[in-house]
Protein chains: 2
Amino acid sequence: GRTAVVVYGKGGIGKSTVAVHLSAAWAERGLRVLHVGCDPKMDSTLRLTGVEERPCVVDFIEDRTLRQREPADLIVRGPTGVDTIETGGPEPGVGCAGRGVASLLDWMDLKRVRTWPYDVVLFDVLGDLVCGGFVAPVRYGVAQRVVIVASAEPMALFAANNISRVVLRHVADDVRLAGIVFNVKEPDDRVRAALDAFAARLGVHVLAHIPWSRAVRDAEQANRTAIEHDPSGEAAEQFRALAAALREPLPPDLGAPTPLDRRELLSFI
Amino acid sequence: GRTAVVVYGKGGIGKSTVAVHLSAAWAERGLRVLHVGCDPKMDSTLRLTGVEERPCVVDFIEDRTLRQREPADLIVRGPTGVDTIETGGPEPGVGCAGRGVASLLDWMDLKRVRTWPYDVVLFDVLGDLVCGGFVAPVRYGVAQRVVIVASAEPMALFAANNISRVVLRHVADDVRLAGIVFNVKEPDDRVRAALDAFAARLGVHVLAHIPWSRAVRDAEQANRTAIEHDPSGEAAEQFRALAAALREPLPPDLGAPTPLDRRELLSFI
Ligand SMILES: Nc1ncnc2c1ncn2[C@@H]1O[C@H](COP(=O)(O)OP(=O)(O)O)[C@@H](O)[C@H]1O
Ligand SMILES: Nc1ncnc2c1ncn2[C@@H]1O[C@H](COP(=O)(O)OP(=O)(O)O)[C@@H](O)[C@H]1O
Ligand code: SF4
Ligand SMILES: [Mg+2]
Ligand SMILES: [Mg+2]
């Protein structure tokens, strides 16, 4: 069947890095993937397409033509075979940065993109402020599986807690928190143990500890993922394993997250 | 005359740390200060009041009584004599995190708080997403002087560039970018030179390079600022100097910022 994954996390934490490697790993196995970047930075799909200038949803909101646009106007297919969309972001200070995400989901319904033959639909969403607009993928129930990307940075854990709260509110809509990916520059046993303790307290499964790698960095310079750039390397293998795990059925005993209150969180981080 | 300062920067960068030390330094000199925290984290005023649980604007938006509230319902005065307000934040995932800020400004107009005898009004505002709500202090023209807090982290520079774009759009409303404060954990000459080069390219004055200090950290544990906790220390002196500089008239030749476009910014950071 079809898998819908929403990757959340604070800005700069490695959401897009994890997301593009998942999409590339699924495409490598012959799956049809739609990868949707929902960060005003608009740099989620670059490593899948190699294309710097591309159309985005906000362009068509601003020229008021979004409803008439066909999927071909929005979707750019990359050399990896992954179809990509970017929501883009308005000029800073004008309007609502989150509206692009909600408008895109309405457009996907209108064009019945959700009935198109994708095996996986992945949303890569900014999680600093989980306000109305950025929560849309969860509210619309497209988020069967939410994946949080975090590190040991206090604000990353703060964002992870907020995202867990949002998931908790939508458990009745079949939204599940599949787990957390720790993407840490220089992990050591002490950091790893502290992050595992945080995940346990939050009631979230640890999907992977991914150390920063040179292969990912070098691939990024060439606007590619490590899956193409260094296919037999350790990073590529780790992302393949994560991609496979996210296609497995969710464990029946997967519980709901147990977010921390403000006071406990501030003392934890 | 009266000074209005808005401190912006990405989450976790040290906005509140800089802001509370400015407010405490101004209060120490006998100035009447109104310090307004505009971050859903709601931890801006803690070191000025020592009070963990306090009223916030969003409470009164949710119970629909904001218009009837008097300043005494919202303002908590701390031991340093600084008056404080917190906008607070809605439950993550519900509504608009930025609306608290815009609603507060409307309320301040309604209650004519802007005519109250404050020498300095400071807003401490989250700058990750400079969407409509969080830009309100600039749009309402209360931001004579915008101060950006940043570091060498890519997302901090990304946010600084976005904030500069917002200021540029409001230069006609007498909004000025007073400068940037670099708050860096372990500064060295190489980092300092790179940050100075970024500020020069952005057309922004460097107000201070503030190294992280033990005095600030220790004071924070006691819910105080370094001004009371270690009054003759280096950190306290540095913040006093910054506070005094922000009360000086703006240099007549202070130009408008020159934000970088996306491509140049991505190559810079
Ligand atoms: N596992 C990793 N290995 C190497 N570099 C990484 C890794 N994860 C993140 N990075 C670096 O961090 C930067 C930010 O990551 P990105 O995925 O763009 O964050 P986000 O999408 O959360 O804003 C990238 O430019 C990348 O170079
Ligand atoms: N100059 C500094 N010296 C010591 N610690 C600092 C300094 N600046 C920031 N910090 C630490 O960083 C953390 C985040 O700073 P904060 O001011 O709360 O950020 P923001 O308001 O931007 O979210 C604080 O808890 C504080 O301990
Ligand atoms: S909904 Fe979110 S992105 Fe939109 S204006 Fe409010 S805080 Fe900003
Ligand atoms: Mg990204
Ligand atoms: Mg703060």
Side-chain angles (χ1 to χ4, degrees), chain A residues 8 10-13 39-43 46 52-53 88-100 126-139 153-170 175 220-221 223 259 261-263 265-267 269, chain B residues 8 10-14 39-43 46 52-53 88-100 126-139 153-170 175 220-221 223 259 262-263 265-267 269:
Chain A
Y8 272 109
K10 84 174 252 314
I13 202 69
D39 184 325
K41 255 195 319 179
M42 224 178 112
D43 61 349
L46 186 53
E52 299 250 359
E53 307 290 329
E91 177 62 18
V94 181
C96 169
R99 225 180 85 223
L126 182 66
D128 283 324
L129 266 187
V130 272
C131 53
F134 291 95
V135 170
V138 174
R139 257 193 356 247
E153 268 179 66
M155 293 311 290
L157 301 178
F158 187 78
N161 195 60
N162 275 345
I163 296 156
S164 303
R165 261 184 208 285
V166 171
V167 170
L168 189 59
R169 196 175 313 106
H170 293 275
V175 174
E220 182 176 24
Q221 304 297 337
N223 283 345
D261 67 21
R262 230 170 73 74
R263 195 192 291 260
L265 183 71
L266 288 177
S267 71
I269 58 185
Chain B
Y8 273 108
K10 86 174 244 325
I13 202 69
D39 184 325
K41 257 197 316 181
M42 224 178 113
D43 61 349
L46 186 54
E52 298 250 359
E53 306 291 330
E91 177 64 20
V94 180
C96 169
R99 224 179 83 224
L126 182 67
D128 282 325
L129 265 186
V130 271
C131 53
F134 291 95
V135 168
V138 174
R139 256 193 356 248
E153 268 179 65
M155 293 310 291
L157 300 178
F158 187 79
N161 195 61
N162 276 345
I163 296 157
S164 304
R165 260 182 210 280
V166 170
V167 169
L168 189 58
R169 198 174 313 109
H170 292 275
V175 174
E220 183 177 27
Q221 305 297 339
N223 283 346
R262 230 172 74 74
R263 192 189 290 263
L265 184 70
L266 289 176
S267 71
I269 57 184

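Protein chains get the first letters and strands the later ones, always in sequence-line order, with residue 1 at the start of each.
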Is it the backbone or the side chain of B/N162 that comes under 4.5 Å from a heavy atom of chain A, or both, or neither?
both

Nearest heavy atoms of B/C131 and A/A97, plus distance in Å
CB-N, 3.8 Å

Of A/V138, A/N161, A/V94, the largest count of non-hydrogen pairs under 4.5 angstrom with chain B goes to A/V94

Taking all non-hydrogen atoms of both residues, which atom of A/G93 and which atom of B/V135 are closest, and how far apart?
CA-CG2, 3.5 Å

With only heavy atoms counted, which part of A/R99 is less than 4.5 Å from chain B, the side chain, the backbone, both or neither?
neither

Heavy-atom contact with chain A under 4.5 Å, split by part of B/L126
side chain

Which atom pair, heavy atoms only, marks the closest approach of B/L129 to A/P40?
CD2-CG, 3.9 Å

Side chain / backbone / both / neither for B/K10 at chain A, heavy atoms under 4.5 Å
side chain

Under 4.5 Å to a heavy atom of chain B? For A/E53 that would be side chain

Rounded to the nearest 0.5 Å, what separates atom CZ in B/R169 from atom CD in A/E91?
4.5 Å

How far apart are the closest heavy atoms of B/R262 and A/E52, and which atoms are they?
NH2-O, 4.3 Å

Which atoms of B/V130 are under 4.5 Å from chain A, going by heavy atoms: the side chain, the backbone, both sets, or neither?
both

A/E153 CD to B/E153 CD distance, which is reported to the nearest 0.5 Å
5.5 Å

